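For reference, the structure discussed in these notes is given below.
Everything numeric in this text was worked out from a predicted model, so none of it was measured.
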Amino acid sequence: QVQLVESGGGLVQPGGSLRLSCVASGSIWSIYTMAWYRQAPGNQRELVATITNIGTTNYADSVRGRFTISRVNAKNTVYLQMDSLKPEDTAVYYCNADIRVTGSQGRNDHWGQGTQVTVSS
């Protein structure tokens, strides 16, 4: 089984910064695209940023220029650096990874447990 464990969430003032981390572990053969999603109360879960196994990134318009996604393949880890945070960034943030499990020919999505980010003065 594969596990994704997130960390780094918390309370921050508007304009502040926060760095989220997500580590994948288990019987992993390879990890393809990794991503961050977020969900605020009453809202749908939305895609924040993605990064492929070769480092190609994409961002939601709402965070482009403020957030940076990165990964360290040797550590099975993805990061989300969040700068210039706004109250509307408040949400539970989830990491996601497209993973091929050892012994399998297929690949599928795995999710972390989520970490709360609150931006408030």
Side-chain angles (χ1 to χ4, degrees):
Q1 294 284 345
V2 171
Q3 301 84 40
L4 302 181
V5 179
E6 296 141 319
S7 61
L11 175 65
V12 65
Q13 293 185 342
S17 296
L18 212 56
R19 190 194 194 201
L20 306 182
S21 301
C22 178
V23 180
S25 62
S27 186
I28 298 171
W29 180 256
S30 59
I31 303 178
Y32 303 95
T33 298
M34 304 184 83
W36 288 95
Y37 289 74
R38 67 186 182 186
Q39 187 168 23
N43 290 2
Q44 294 184 323
R45 187 170 298 186
E46 65 174 339
L47 181 63
V48 176
T50 65
I51 183 167
T52 71
N53 55 311
I54 61 170
T56 302
T57 60
N58 285 283
Y59 297 92
D61 289 342
S62 59
V63 307
R64 186 176 293 108
R66 300 188 297 120
F67 291 9
T68 303
I69 188 170
S70 61
R71 65 191 284 172
V72 179
N73 291 335
K75 296 182 178 180
N76 291 335
T77 300
V78 62
Y79 304 95
L80 186 67
Q81 177 67 44
M82 304 183 293
D83 299 319
S84 301
L85 283 162
K86 305 174 180 179
E88 50 263 45
D89 295 318
T90 296
V92 177
Y93 284 70
Y94 299 90
C95 65
N96 172 274
D98 180 11
I99 297 174
R100 180 185 176 187
V101 176
T102 300
S104 175
Q105 298 298 309
R107 51 200 276 186
N108 56 271
D109 281 352
H110 295 264
W111 291 89
Q113 79 287 353
T115 184
Q116 177 70 48
V117 172
T118 302
V119 184
S120 176
S121 59

Should Asn53 and Arg71 be marked as a side chain to side chain contact (heavy atoms under 4.5 Å, CB included) after you check the CA-CA gap, both sets of side-chain angles, and the distance that decides it? CA-CA 8 Å; Asn53 55 311; Arg71 65 191 284 172; 4.2 Å; yes
Report yes if the side chains of Phe67 and Leu80 come closer than 4.5 Å at any heavy-atom pair, otherwise no. yes
Spatial distance of atom OH (Tyr37) from atom OH (Tyr94) [nearest 0.5 Å]: 13.0 Å
Separation between OG1 of Thr50 and CD1 of Ile69, rounded to the nearest 0.5 Å: 6.5 Å
Determine whether the side chains of Asp98 and Thr33 contain a donor N or O and an acceptor N or O closer than 3.5 Å. no
In this structure, would Met82 and Val12 fall into the same cluster of hydrophobic residues linked by side-chain contacts under 4.5 Å? yes
Would a single hydrophobic cluster contain both Val92 and Val23, if residues Ile, Leu, Val, Met, Phe, Trp and Tyr are joined by side-chain heavy-atom contacts under 4.5 Å? no
Any donor-acceptor pair under 3.5 Å linking the side chain of Glu6 with the backbone of Gly114? yes
Listed partners of Asp109 passing salt bridge (Lys or Arg N to Asp or Glu O under 4.0 Å), at least two apart: none
Can you name the side chain to side chain contact (heavy atoms under 4.5 Å, CB included) partners of Arg66, sequence neighbours left out? Val63, Ser84, Lys86, Asp89
Starting at CG of Leu18, measure out to CG of Leu11 and round the result to the nearest 0.5 Å. 9.5 Å
Pair Thr77, Tyr79 - check side chain to side chain donor-acceptor pair (under 3.5 Å), show working. CA-CA 7 Å; Thr77 300; Tyr79 304 95; 4.7 Å; no
For residues Ala24 and Leu4, report the shortest heavy-atom separation together with the two atoms involved. CB-CD2, 3.2 Å
Does any non-hydrogen side-chain atom of Val101 lie less than 4.5 Å from one of Val2? yes
For residues 110-121, which residue pairs qualify under side-chain hydrogen bond (donor to acceptor under 3.5 Å, both in side chains), counting only residues two or more places apart or in two chains? Asn108-His110, Gln116-Thr118
Once rounded to the nearest 0.5 Å, what's the spacing between atom CZ of Arg100 and atom CH2 of Trp29? 6.5 Å
Spacing of CG belonging to Asn96 relative to CG belonging to Leu47, to within rounding of 0.5 Å: 8.5 Å
Atom CD of Glu88 with >12 non-hydrogen neighbours under 6.0 angstrom: yes
Start with the C-alpha gap between Leu20 and Trp36, add the side-chain angles, then the distance that decides, and say whether side chain to side chain contact (heavy atoms under 4.5 Å, CB included) holds. CA-CA 10 Å; Leu20 306 182; Trp36 288 95; 3.6 Å; yes
Any link between Met34 and Val117 through a network of hydrophobic side chains (Ile, Leu, Val, Met, Phe, Trp, Tyr) touching at under 4.5 Å? yes
Specify the closest pair of heavy atoms between Arg38 and Ser62, including all atoms of both residues, with the distance to one decimal. NH2-OG, 3.4 Å
If you round to the nearest 0.5 Å, how far is CD of Gln81 from OG of Ser70? 8.5 Å
Hey, are the side chains of Glu46 and Gln39 touching, using non-hydrogen atoms and a 4.5 Å cut-off? no
